[in-house]
Structure formats: C-alpha cells, structure tokens
Amino acid sequence: MLICVGGRGWYQEWGKEAIELIPGKVIHIPAEVKHWHGAARDSWMSHLAFEVEGEETSNEWLEPVRDEEYDLLK
C-alpha cells in the first residue's frame, strides 16, 4: 500500500494508465503486480509504504522507467 503524504507523483501498473498521486491518495497494490511510483517531473513526492507480511513473498527491483514513458506524464 502507498499513501502519498506530500508533493505530487505517479503510480503505474504494467500495461495500465498512470494514476496521479497527490496528498491523501491511497493505492492498494496486490502481490505480484509489476508497477512503478515516483515524483512528477515538476515536483517532489513523499509517501508512506506498507507491506503486509506473507509467505513466500519478496520485493524485486526491476528496470528503471524509460525517459520516453516518463515524459508523457503531465
């Protein structure tokens, strides 16, 4: 789960449209969902992240977001 607490940013699941993150926005992320999140190009972003404990779970860092994809976000 992500909770945006300041600034402005983006959350995007693989193959879906990006969702704007603003203070108070809560994103529930199911296990095994490939996604990225980060600040908007013209802002900073602060967030809280919560992970629910489970069996056979892990966090995996994947490839960086390409500039061409990031630049499309407004």
Side-chain angles (χ1 to χ4, degrees):
M1 177 187 333
L2 295 176
I3 303 172
C4 181
V5 296
R8 190 174 72 85
W10 297 101
Y11 167 84
Q12 185 175 28
E13 293 181 5
W14 188 257
K16 295 185 179 181
E17 293 293 318
I19 298 170
E20 185 177 30
L21 295 175
I22 57 173
K25 181 74 173 179
V26 177
I27 303 287
H28 295 276
I29 308 165
E32 306 298 324
V33 172
K34 184 176 179 179
H35 72 279
W36 71 271
H37 60 276
R41 185 167 298 285
D42 62 348
S43 183
W44 54 275
M45 184 190 73
S46 183
H47 68 285
L48 302 172
F50 297 92
E51 186 175 329
V52 177
E53 205 171 309
E55 294 182 19
E56 297 183 31
T57 61
S58 66
N59 183 33
E60 181 179 352
W61 294 95
L62 303 169
E63 69 278 356
V65 176
R66 293 185 1 241
D67 287 339
E68 297 80 15
E69 294 172 304
Y70 189 77
D71 289 341
L72 293 174
L73 302 171
K74 303 291 179 199

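No experiment lies behind these values; they were computed from the predicted model shown.
- In this structure the side chain of Arg41 reaches within 4.5 angstrom of the side chain of Asp71, judged on heavy atoms.
- Within the 4.5 Å cutoff, the side chain of Met1 has no heavy atoms near those of the Ile29 side chain.
- Cluster membership for Phe50 and Ile27, using ILVMFWY side-chain heavy atoms within less than 4.5 angstrom, is not shared.
- By the 4.5 Å heavy-atom criterion applied to side chains, Lys25 and Ile19 are counted as neighbours.
- If you chain together hydrophobic residues whose side chains sit under 4.5 Å apart, Met45 and Leu48 never meet in one group.
- The pair Asp42-Arg8 meets the salt-bridge criterion, since a charged nitrogen lies less than 4.0 angstrom from a carboxylate oxygen.
- Of the possible polar contacts, none joining the Tyr11 side chain to the Gly38 backbone as a donor-acceptor pair under 3.5 Å is found.
- Considering Glu63, Glu69, Gln12, Glu13 in turn, Gln12 is the only one that fulfils the side chain to side chain contact (heavy atoms under 4.5 Å, CB included) rule with Trp36.
- Among all heavy-atom pairs drawn from Ala18 and Leu73, the shortest one is CB-CD2, 3.5 Å.
- A continuous path of hydrophobic side-chain contacts links Leu2 to Val33 [ILVMFWY only; heavy atoms under 4.5 Å].
- Pro23 and Gly6 get closest at one heavy-atom pair: CG-CA, 3.9 Å.
- Between the OG atom in Ser43 and the CG atom in Leu21 there is a gap of 10.5 Å [rounded to 0.5 Å].
- Grouping the Ile, Leu, Val, Met, Phe, Trp and Tyr side chains by contacts below 4.5 angstrom, directly or via other members, places Trp44 apart from Val5.
- The number of heavy atoms from other shown groups lying within 6.0 Å of CD (Glu17) does not exceed 12.
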For this session: For His37 and Trp10, run side chain to side chain contact (heavy atoms under 4.5 Å, CB included): C-alpha distance rounded to whole Å, both residues' side-chain angles, the deciding distance at 0.1 Å, then the answer.
Result: CA-CA 5 Å; His37 60 276; Trp10 297 101; over 6 Å; no
